[in-house]
Structures are given as C-alpha cells and as structure tokens.
Colleague: 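Please see the structure below; I have some questions.
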Amino acid sequence: MADKKATLSVNGKTIELPVYSGTAGPDVIDVRGLVQEGLFTYDPGFVSTAACESQITYIDGSKGILLHRGYPIEQLAEKSDYLEVCYLLIYGELPTAAQAEKFRNTVKNHTMVHEQLNHFFNGFRRDAHPMAIMCGVVGALSAFYHDTMDFSDELHREIAAFRLIAKMPTLAAMCYKYSMGQPFMYPRNDLDYASNFLYMMFATPCENYQVNPVLARAMDRIFTLHADHEQNASTSTVRLAGSSGANPFACIASGIAALWGPAHGGANEAVLNMLMEIGDEERIPEFIERAKDKNDPFRLMGFGHRVYKNFDPRAKVMKKTCDEVLSELGCADDPLFRIAMKLEQIALEDPYFAEKKLYPNVDFYSGIILRAAGIPVSMFTVIFAMARTIGWFSHWHEMVSGPYRIGRPRQLYTGHTSREYPQK
Ligand code: ACO
C-alpha cells in the first residue's frame, strides 16, 4: 500500500497518485490511473520509468553499487563463482554445499545440444557474425523442447533454466568452430563451467588440450560480472517479449538481438576495435578530441553508462582481473592494455568526461582479457550473451511467476490527423 501521495495538476484538474517506496532506491509514482484521466506519461528511453517490481538486482549508479539479491558484486566476483551466482539469481539465496553440488550436476546433464541442431549451422555463411547465428540457434531451441512447454509449471521453468545455462556455452563454442571450419567439440562434463567452455572453443579432436586455470578463473569472473544488470535494454526486451506469453527460448533470442548493438553488449567488441584503431599512445589526444566534438559521431567506447554516474564497480574488478591474466600470460606489456590504461587516465583528467560523469564501464577491460585468452573480437558479445542469459531468464521467471500483463507502451502521436484518400 502506498503511504505517500503525489499531486499532479493538469488541464485545470488535480489528480492524486500513489507513491511507493522500495527497500532501496528512489520512490516511484504510480501513474497507471492516468489513462482513465485521458493522459499518458512521456519518457522516451525509459529514463525515469520503472516498468516492473523486482527483487533480483539493485544498482545505485551514483555510489557505484551493484547488488545481486543483496550481495555486492565485488564479493560475488571474489568469493563465489558463476554457477553459484546463477543459483542465487534464480532462487534468491546462495546454495548450501549440497544444493550447489546438485545444481552443478544437473546443469552438466544438459550441456549437449540436440544433434539435429548441428544442421542449423550449415545454413549460415562461415563469415556470418556469431551474434547473428546465436539469435537463430537460441531461438531454434524453442522448436526442440516440447516436453516441458507448460511455463505455468514451475518445474518446466526450472528445466528451461538448466537447459539455457548448460547449452549457451556449447552453442557459443559451436559458432566459433563453425567460423573456423573446425569440427564441433562435444562438452566435457568432468570440467568446470568455464574450463569446459574454453575446451569446446580451443580443443580439436587431434590433440590434447589443457585448460589454463588462470584463464578459466578469469572467464568465470567475466561470466559472473555480466550475469545480470536489472532492467537494461536486453532484459527489458526479454520481459516485454515474455509478457505476451512467448516461449522463453524465443524470448532469450530477443534479448540476444537487443544486446548486440554497440551502445549495449556490442561495446566490448567496439572497445577493442577502437584501441586497435588508436594503435599508439601518441594518438590518444586525437581520439579524445573526436569524442568531445559534437559534430563527430565518434564516442569513447567502454565509457559512460546510463545508470553509473560515478564508477562501474564491475570495471574495477575487471581491471584487476586483466592485470592478473596479462601477467600470467607474460604479456603485462601488452600495447593495447597500455593504450587502454593511458586512455582511461587522460579521459578521467579531462573536464568533459568529469562534467558528463563518464567513467569506464565493465566492457572497457573485458575485451583485453578475452583477446589475451585467444578469443576473436567477433565472439566478445557472444560471451556477454552467454553470461547474461541467466539474468534474462531470472527476470522472465520472476515476471511469469506472478501476475503480469502484456507490455504495451503508449505514444505521443505527432503525425497527420485523419485524411481522406484522394480521388483517382
Ligand atoms: N564518449 C563521448 N561522449 C559521451 C560518451 C562517450 N562514450 N557517452 C556519453 N557521452 C556524452 C553524450 O554525447 C552526451 O553529451 P551531451 O549531453 O552534450 O549531448 C552525454 O554524454 C550523455 O550521453 P547520452 O548518450 O545521452 O547518455 P545515455 O545514458 O543515453 O547513454 C551510453 C549511455 C549508451 C552507455 C553512452 O554513454 C555510450 O554510448 N557509451 C559508449 C558505448 C558503451 O560503452 N556502451 C556500453 C554500456 S555498458 C553495457 O551495456 C554493458
């Protein structure tokens, strides 16, 4: 129940609107009744609009806080691992040791994809962007699992979660293998989640492949840092698609499509391309000037965030991981890492970036780690999609577990009013 009220005066009328307080974050004004008054709110880009109630993730962008089910991301990245975070996001609590083991084993039982799905890949060009292939093959999963299609049944939803968590790395690695013309590698269930992914990416049937544990740990951390981020563009897309009662695999495919853009998940790919284009520390000022020039569409990729206006807590952990990985691989002197650090330093000292509260986001350093691990740039956003799948699923699950309505935004219409079709 609302204990506060907001008063709106419009067209000579006073309207009282309920105001709700969450457990954290700004109060929200309930504008649902406005439609009865013949009014809509106007908020392109959803800058001030809460589209749902949620208990999964909380962000305080001004303080650089990110909590999953109340746990700070820094602690999860340090003390937990990706599968445990998946459990936390779905069920709301950290698992006991027995629950964690059962969860890991169940996920492992779902790592293979239907053999028939392999044929889908042949329909794509070898040089197709892997995100384009992922949109197709993840959506296609909805054609395979007719046995558990009753999404009002909690058990069926749970099985969909296991399938998604388990099969995303398999499908992602298949995209890479297809682009290389190499045979697909079946998952190895004796390996942990991140090691199995690296194995499916880089092993071949002709020789032994040993997973580097430092790289596996770094991959797991990248997955953990990308697991969820409340109502961003892709998650909102998944919720909106799911609100029509659509199949969850199809909803996840819609999230992949939304993530692909350079303003969202595509930024990690764009960061690395930008660092390569800069190519030399001496050219950094030229790119900083371009980013500040209103007549130049260039932006510093990996900088800025709709919500974080102080720092992105994930970027701090990512920078530390980047350091660890590069020194383990003996490339602490990596020129792109040096350019990235210098660029960050110069940008943070520049009043333009300070005034607009533009700081490095999670993707500023992730690309350098992925590149050091031998992962091609075009796969970066796929890895983000893999990791974010659990966030998308958890939000879809939260929505369909309670009462929900189909999402249907309204508009401020500024087109022609009614016109007569001309006589011919
Ligand atoms: N470089 C230079 N200027 C920037 C940048 C940037 N990276 N980001 C924002 N600005 C400027 C804008 O030009 C604008 O200036 P103005 O007020 O003078 O017009 C101001 O800062 C506000 O920018 P908006 O685009 O209005 O901010 P919004 O919240 O809509 O966008 C976004 C956030 C998309 C992340 C933006 O900062 C951006 O494009 N960053 C680069 C892409 C990127 O790194 N995306 C990853 C986001 S994190 C993620 O999805 C995991």
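Counting convention: from 1, in listed order, for ligands and their atoms alike. Only heavy atoms go into these numbers, but all of them, side chains included; no hydrogens, no water, no symmetry mates. On a predicted model such as this, the values are computed, not experimentally measured, just so you know.
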Colleague: Quick check on atom 22 (C) of ligand 1 - does any protein heavy atom sit closer than 4.0 Å to it?
Modeller: no
Colleague: Do NZ/NE/NH1/NH2 and the carboxylate oxygens of Lys292 and Glu289 come within less than 4.0 Å?
Modeller: yes
Colleague: List every atom of ligand 1 that sits less than 4.0 Å from any heavy atom of Gly302, numbering the atoms from 1 in the order shown and giving each element.
Modeller: 43 (C), 44 (O)
Colleague: So for ligand 1, is Lys294 a polar contact partner (N or O within less than 3.5 Å, distance only)?
Modeller: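 It does: an N or O of Lys294 is found under 3.5 Å from an N or O of ligand 1.
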Colleague: I need the minimum non-hydrogen distance between Asp228 and Gly391, along with the two atoms involved.
Modeller: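 Smallest interatomic distance, heavy atoms only, reads OD1-CA, 3.4 Å.
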Colleague: Do the charged groups of Glu282 and Lys342 touch, with an N to O distance under 4.0 Å?
Modeller: no
Colleague: Please work out which of Met301, Arg299, Arg388 has its closest non-hydrogen atom nearest to atom 31 (O) of ligand 1.
Modeller: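 Looking at heavy atoms only, Arg299 sits closest to atom 31 (O) of ligand 1.
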Colleague: Which word best sums up how the rings of Tyr193 and Tyr82 line up, parallel for under 30°, tilted for 30 to 60°, or perpendicular for over 60°?
Modeller: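 If you compare the ring of Tyr193 with that of Tyr82, the planes turn out tilted.
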Colleague: Would you say ligand 1 has an N or O under 3.5 Å from any N or O of Phe303?
Modeller: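 Looking only at distances, the answer is yes, because the N/O contact criterion of under 3.5 Å is met.
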Colleague: Only heavy atoms of Ala267, strictly under 4.0 Å: list the atoms of ligand 1 that pass.
Modeller: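 Result: 43 (C), 44 (O), 45 (N), 46 (C).
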Colleague: Could a heavy atom of Phe298 be found less than 4.0 Å from some atom of ligand 1?
Modeller: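 Distance cut 4.0 Å: Phe298 fails for ligand 1.
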Colleague: Out of curiosity, is Phe384 lining ligand 1, as in a heavy atom under 4.0 Å away?
Modeller: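 Checking ligand 1 against Phe384, which is what was asked, there is a heavy-atom contact under 4.0 Å.
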Colleague: Look at Lys320 together with Glu74 and state whether they make a salt bridge at an N to O cut-off of under 4.0 Å.
Modeller: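 The answer is no: the pair does not qualify as a salt bridge.
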Colleague: Who's closest to atom 33 (C) of ligand 1 heavy-atom-wise, of Arg306, His264, His226, His229?
Modeller: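 Looking at heavy atoms only, the winner is Arg306.
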Colleague: Is any side-chain N of the basic residue among Glu93 and Arg69 closer than 4.0 Å to the acidic one's carboxylate O?
Modeller: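 No, this pair does not count.
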Colleague: Return the option from Asn361, Asp363, Asp312, Leu300 holding the heavy atom at the smallest distance from atom 7 (N) of ligand 1.
Modeller: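 The option holding the nearest heavy atom is Leu300.
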Colleague: So, are Arg221 and Asp81 salt-bridged, with charged N and O less than 4.0 Å apart?
Modeller: no
Colleague: When you measure from atom 48 (S) of ligand 1 to every protein heavy atom, which one gives the shortest distance, and what is it?
Modeller: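 Nearest neighbour among protein heavy atoms for atom 48 (S) of ligand 1, to 0.1 Å: His305 CD2, 3.5 Å.
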Colleague: Quick check against the 3.5 Å criterion: does Thr111 have a side-chain atom that pairs as donor or acceptor with the backbone of Lys108?
Modeller: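 Checked: pair present.
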Colleague: Just to confirm, does any protein heavy atom lie below 4.0 Å from atom 27 (O) of ligand 1?
Modeller: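 So far as the 4.0 Å threshold goes, atom 27 (O) of ligand 1 is out of reach of every protein heavy atom.
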Colleague: Assess Lys319 against Phe364: is NZ or CZ under 6.0 Å from the centre of the six-membered ring, and within 45 degrees of the ring's axis?
Modeller: no
Colleague: For ligand 1, note which part of Val271 has a heavy atom under 4.0 Å away: side chain, backbone, both or neither.
Modeller: neither
Colleague: Can you spot which of Met200, Met174, Met219 makes a side chain to side chain contact (heavy atoms under 4.5 Å, CB included) with Pro169?
Modeller: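 Only match with Pro169 under side chain to side chain contact (heavy atoms under 4.5 Å, CB included): Met200.
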Colleague: Answer with side chain, backbone, both or neither: which part of Lys356 has a heavy atom less than 4.0 angstrom from an atom of ligand 1?
Modeller: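 Only the side chain of Lys356 comes within reach of ligand 1.
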Colleague: For atom 45 (N) of ligand 1, grab the closest protein heavy atom and report residue, atom and distance to one decimal in Å.
Modeller: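 Scanning the protein heavy atoms, the shortest distance from atom 45 (N) of ligand 1 goes to Ala263 O, 3.3 Å.
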Colleague: Between Asn196 (side chain) and Arg188 (backbone), is there a donor-acceptor pair under 3.5 Å?
Modeller: yes
Colleague: Looking only at protein heavy atoms, identify the closest one to atom 8 (N) of ligand 1 and say how far it is in Å.
Modeller: Leu358 CD2, 3.5 Å
Colleague: Any idea which atoms of ligand 1 are less than 4.0 Å away from a heavy-atom of Ala291?
Modeller: 2 (C)
Colleague: Regarding ligand 1, does Val362 bring an N or O atom to under 3.5 Å of one of the ligand's N or O atoms?
Modeller: no
Colleague: Specify the protein heavy atom at minimum distance from atom 3 (N) of ligand 1: its residue, its atom name, and the distance to 0.1 Å.
Modeller: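 That would be Tyr352 OH, 3.0 Å.
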Colleague: Against heavy atoms of Gly304, which atoms of ligand 1 measure under 4.0 Å?
Modeller: 35 (C), 37 (O)
Colleague: Below 4.0 angstrom, N of the basic side chain to O of the carboxylate: do Arg217 and Glu324 qualify?
Modeller: no
